[in-house]
Amino acid sequence: MLEKIKNALFRFMNGRYGTDALNNFLLFASLAVLLINTLTFKSVFLGLLGDVLIFGSLFRTLSRNIWKRQKENIKFMELTRPVRSAFSLIKKNAGDKEHKYFSCPHCHQTVRVPRGHGKIEITCPRCKTTFERKS
Ligand SMILES: [Zn+2]
């Protein structure tokens with residue numbers, strides 16, 4: 001029985017796009033919007049926005065136009081890169097007591113320096129830009 005359902009689901013999803021980072025974001029955003037709306041504003045507009053986000057995620061998951069969905073996800077990853085790299089820096093700085101991590105202001109390469117040397121001049125290993133930071 002379970003095997004049958006699994007096979008049917010597999011056949012149904014065959015040739016369809018499935019999930020990616022953008023879909024996870026859409027799903028998470030819609031649930032957040034709907035939850036906040038239910039608990040506080042109870043606004044028709046926010047409810048509609050949550051529905052649109054869920055349907056967008058569902059549409060993309062079941063879409064057969066894989067190429068177009070991949071392009072959307074690449075665009076999404078590009079747009080969210082500054083936010084994602086900022087979180088990545090925070091995580092690295094919290095997890096390493098010996099070093100401090102900075103992002104090069106020119107090429108955004110992550111640069112690691114030893115902690116506790118005061119204000120130092122850092123040269124980016126990739127683009128050779130120099131910038132001052134407190135280690
Ligand atoms: Zn650089």
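Sequential numbering from 1 along the given sequence is applied to the chain's residues. Just follow the structure's listing: the first ligand is 1, and inside any ligand the first atom is 1.
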* Asked: Quick one: does NZ or CZ of Arg16 land under 6.0 Å from the six-membered ring centre of Phe12, within 45 degrees of the ring axis?
  -> yes
* **Protein N/O/S neighbour count - the Zn ion (ligand 1), strictly under 2.8 Å** => 4
* **Single-linkage hydrophobic cluster Leu27~Met77, side-chain heavy atoms < 4.5 angstrom** => no
* Look up atom CD1 in Ile66 and atom CZ in Arg60, then write down how far apart they are to the nearest 0.5 Å. => 11.5 Å
* Which residues share a ring-ring contact (aromatic ring centres under 6.0 Å, His included) with Phe76, sequence neighbours left out -> Phe25
* Asked: Above 12 or not: heavy atoms from other molecules or residues under 6.0 Å from NE2 of His106?
  -> no
* To do: Count the heavy atoms of every other residue, nucleotide or ligand shown that sit under 6.0 Å from NZ of Lys42, and state whether that count exceeds 12.
  => yes
